[in-house]
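For clarity, every value in this text was computed on a predicted model and none was experimentally measured.
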Amino acid sequence: MKITAIEAIPFAIDYRKPLRFASGEVHRAEHVLVRVHTDDGVIGSAEAPPRPFTYGETQRGIVAVVEDVFAPQVVGLTLLQREVIHHRMARTVGNPTAKSAIDMAVWDALGRTLRLPVSDLLGGFTDRMRVSHMLGFDEPAAMVAEAEKVVECHGIRTFKVKVGRRPVGLDTAVVRALRERFGDTVELYVDGNRGWTASESLRAMREMADLDLLFAEELNPADDVLGRRWLVQHLDVPMIADESAPTPADVTREVLGGSASAVSIKTARTGFTDSTRVHHLAAGLGLEVVLGNQIDGQVGTACAVAFGAAYELTSRRAGELSNFLDLDDDLLTEPLRITDGELVVRQSPGIGFEIDDEKLARYRLDRD
Ligand SMILES: [Mg+2]
């Protein structure tokens with residue numbers, strides 16, 4: 001179970017349709033596949049999706065920090081020393097997806113070594129999750145048309161609507177159009193990616209007061225400290241902290257400071273080890289949890305559903321597990337499938353996927 005090497009392989013896969021939201025847009029998945037090798041010949045894998053406009057990580061930066069900073073501190077430890085691995089990587093501030101991909105690849109290698117599913121090792125609550133689909137910026141009619149397609153093709157009935165544009169009325173018109181089209185057959189919530197001010201946020205939420213929203217996420221900037229507290233006090237739905245709370249300590253600070261009343265867990269950002277810490281914190285405080293999406297590919301989505309299904313709290317709500325549908329291709333031998341609005345955790349050793357060597361050779365950027 002001794003870790004002998006860690007690889008960081010940059011790869012790129014195009015999106016069929018770019019995803020647009022208040023803090024950026026994505027045309028191409030430029031991710032890093034992290035692979036942990038052991039002296040038993042086992043390889044554990046996970047992916048790091050850089051989000052330069054949110055956390056400052058880039059594809060090249062992730063490769064460099066894994067190869068130059070983290071791998072030398074982790075190689076030589078065993079798969080059972082996950083807390084030592086976490087402690088050593090935590091000395092470096094930031095780099096959330098690089099650390100998380102190493103953490104999850106170690107868990108994948110552990111599951112493969114023990115011949116057990118990681119989801120069962122983590123908690124084993126269920127084997128599936130309901131799926132929530134993110135609707136990126138477009139005109140109201142186009143966003144309704146996309147939702148219709150997603151309902152029809154995949155049976156998904158929960159939508160996170162990206163908001164945070166100006167005029168505010170453009171976004172509220174989208175949410176109203178969705179509610180009018182689908183009635184009470186769908187669940188809706190909104191994510192502003194910090195695009196509005198506190199007062200714009202409250203005005204928008206009041207305009208949508210009759211639309212039965214589940215949550216509001218990151219409507220205004222995290223640095224707007226008093227504005228966020230004021231907003232949380234005035235909203236009648238939980239306000240989810242997402243990019244404002246990327247670590248367990250940030251979640252504590254945001255929630256105890258009254259700036260958030262629910263939390264988004266993203267395995268791409270907190271791996272399995274820190275996601276477990278956030279989960280336990282949320283369970284202890286009685287917070288609502290949404291399993292979020294860091295614009296993950298299929299490897300990242302398999303990680304997310306393995307974690308989400310492991311606990312009652314994370315599987316209670318639909319998880320954001322459908323972003324990969326917009327990607328042109330992926331790296332798995334057996335692609336993930338959303339059926340009747342659900343994604344099932346594969347009951348195979350590890351996280352539940354196999355990397356297709358031919359596809360990796362096609363999409364990797366570090367070899368000619
Ligand atoms: Mg968000």
Side-chain angles (χ1 to χ4, degrees), residues 21-23 54-55 96 129-130 132 134 158-164 168 171-172 175 179 186-267 269-270 274-294 304 307-308 311-320:
F21 43 99
S23 56
T54 308
Y55 306 108
M129 282 192 72
R130 284 189 299 128
S132 165
M134 274 197 292
T158 303
F159 292 96
K160 164 149 113 176
V161 187
K162 290 293 194 182
V163 298
V168 167
D171 287 338
T172 58
V175 182
R179 184 57 82 204
V186 297
E187 295 179 320
L188 299 173
Y189 57 110
V190 293
D191 181 1
N193 292 107
R194 302 161 282 141
W196 286 330
T197 65
S199 58
E200 284 172 329
S201 303
L202 187 59
R203 198 181 326 137
M205 291 303 290
R206 283 185 172 155
E207 270 182 52
M208 298 187 285
D210 60 330
L211 300 180
D212 193 22
L213 298 180
L214 289 179
F215 304 110
E217 181 172 318
E218 295 285 9
L219 297 178
N220 63 322
D223 290 346
D224 189 4
V225 179
L226 294 181
R228 278 165 72 97
R229 287 184 198 168
W230 173 82
L231 190 55
V232 168
Q233 284 165 6
H234 284 80
L235 290 179
D236 57 4
V237 293
M239 183 145 111
I240 300 172
D242 178 14
E243 60 267 40
S244 69
T247 69
D250 293 321
V251 172
T252 310
R253 195 155 44 229
E254 287 298 297
V255 171
L256 295 187
S259 302
S261 45
V263 61
S264 172
I265 294 182
K266 292 181 172 172
T267 50
R269 180 170 68 198
T270 37
D274 266 345
S275 293
T276 304
R277 285 169 160 83
V278 176
H279 163 272
H280 292 350
L281 182 60
L285 291 171
L287 294 174
E288 287 257 25
V289 166
V290 171
L291 192 78
N293 191 306
Q294 192 132 304
F307 182 84
Y311 300 100
E312 188 279 330
L313 181 56
T314 45
S315 58
R316 195 184 296 167
R317 298 285 186 180
E320 296 160 10

task: Looking only at non-hydrogen atoms, find the nearest pair between Ser261 and Val232 and report the distance.
output: OG-CG1, 4.3 Å
field: Salt-bridge contact Arg228-Glu254 (side-chain N to carboxylate O under 4.0 Å)
entry: yes
message: Counting C-beta onward and ignoring hydrogens, is there a side-chain heavy-atom pair between Leu287 and Val255 closer than 4.5 Å?
response: yes
4.5 Å side-chain heavy-atom contact, Glu207 and Val175: no
Validation row: Lys266, Asp242 side chains within 4.5 angstrom (heavy atoms): yes
task: Indicate yes or no: at least one non-hydrogen side-chain atom of Arg206 is less than 4.5 angstrom from one of Leu202.
output: yes
- request: Check the surroundings of atom CG in Asp223: do more than 12 heavy atoms from other residues, nucleotides or ligands lie under 6.0 Å from it?
  value: no
query: What distance separates Phe21 CZ from Asn193 CG, expressed to the nearest 0.5 Å?
result: 6.0 Å
message: Looking at Ser244, is its backbone amide N or carbonyl O close enough to the side chain of Glu218 to form a donor-acceptor pair, meaning the two atoms are under 3.5 Å apart?
response: yes
message: With heavy-atom distances below 4.5 Å as the criterion, would you say the side chains of Gln294 and Tyr55 are in contact?
response: yes
- prompt: Is the shortest heavy-atom distance from the side chain of Tyr189 to the side chain of Val290 under 4.5 Å?
  reply: yes
- line: Rounded to the nearest 0.5 angstrom, the CE-CZ distance for Met129 and Arg317 is 11.5 Å
Inter-residue atom distance Glu187.CD - Asp212.CG, 0.5 Å rounding: 9.0 Å
message: For a quick test of reading the model, state the closest non-hydrogen atom pair linking Gly164 to Ala22 and the distance between them.
response: O-CB, 4.2 Å
message: Assess whether a salt bridge exists between Glu312 and Arg316, defined as any Lys/Arg side-chain N lying under 4.0 Å from an Asp/Glu carboxylate O.
response: yes
task: Give the minimum heavy-atom separation between Ile265 and Val278, together with the two atoms involved.
output: CG1-CG1, 3.7 Å
task: Flag the pair Val237 / Glu288 as yes when at least one side-chain heavy-atom distance between them is below 4.5 Å, and no otherwise.
output: no
query: Val289 versus Val263: any side-chain heavy-atom pair under 4.5 Å?
result: yes
message: Whether the Thr158 and Ser132 side chains hold a donor-acceptor pair (N or O, under 3.5 Å, no angle test) is what I'd like checked.
response: no
field: Lys/Arg N to Asp/Glu carboxylate O, Arg194 vs Asp224, below 4.0 Å
entry: no
- prompt: Of the non-hydrogen atoms in Leu219 and Ser201, which two are nearest, and what is the gap between them?
  reply: CB-OG, 3.3 Å
query: CG/Leu188 to CZ/Phe159 distance, rounded to the nearest 0.5 angstrom?
result: 8.0 Å
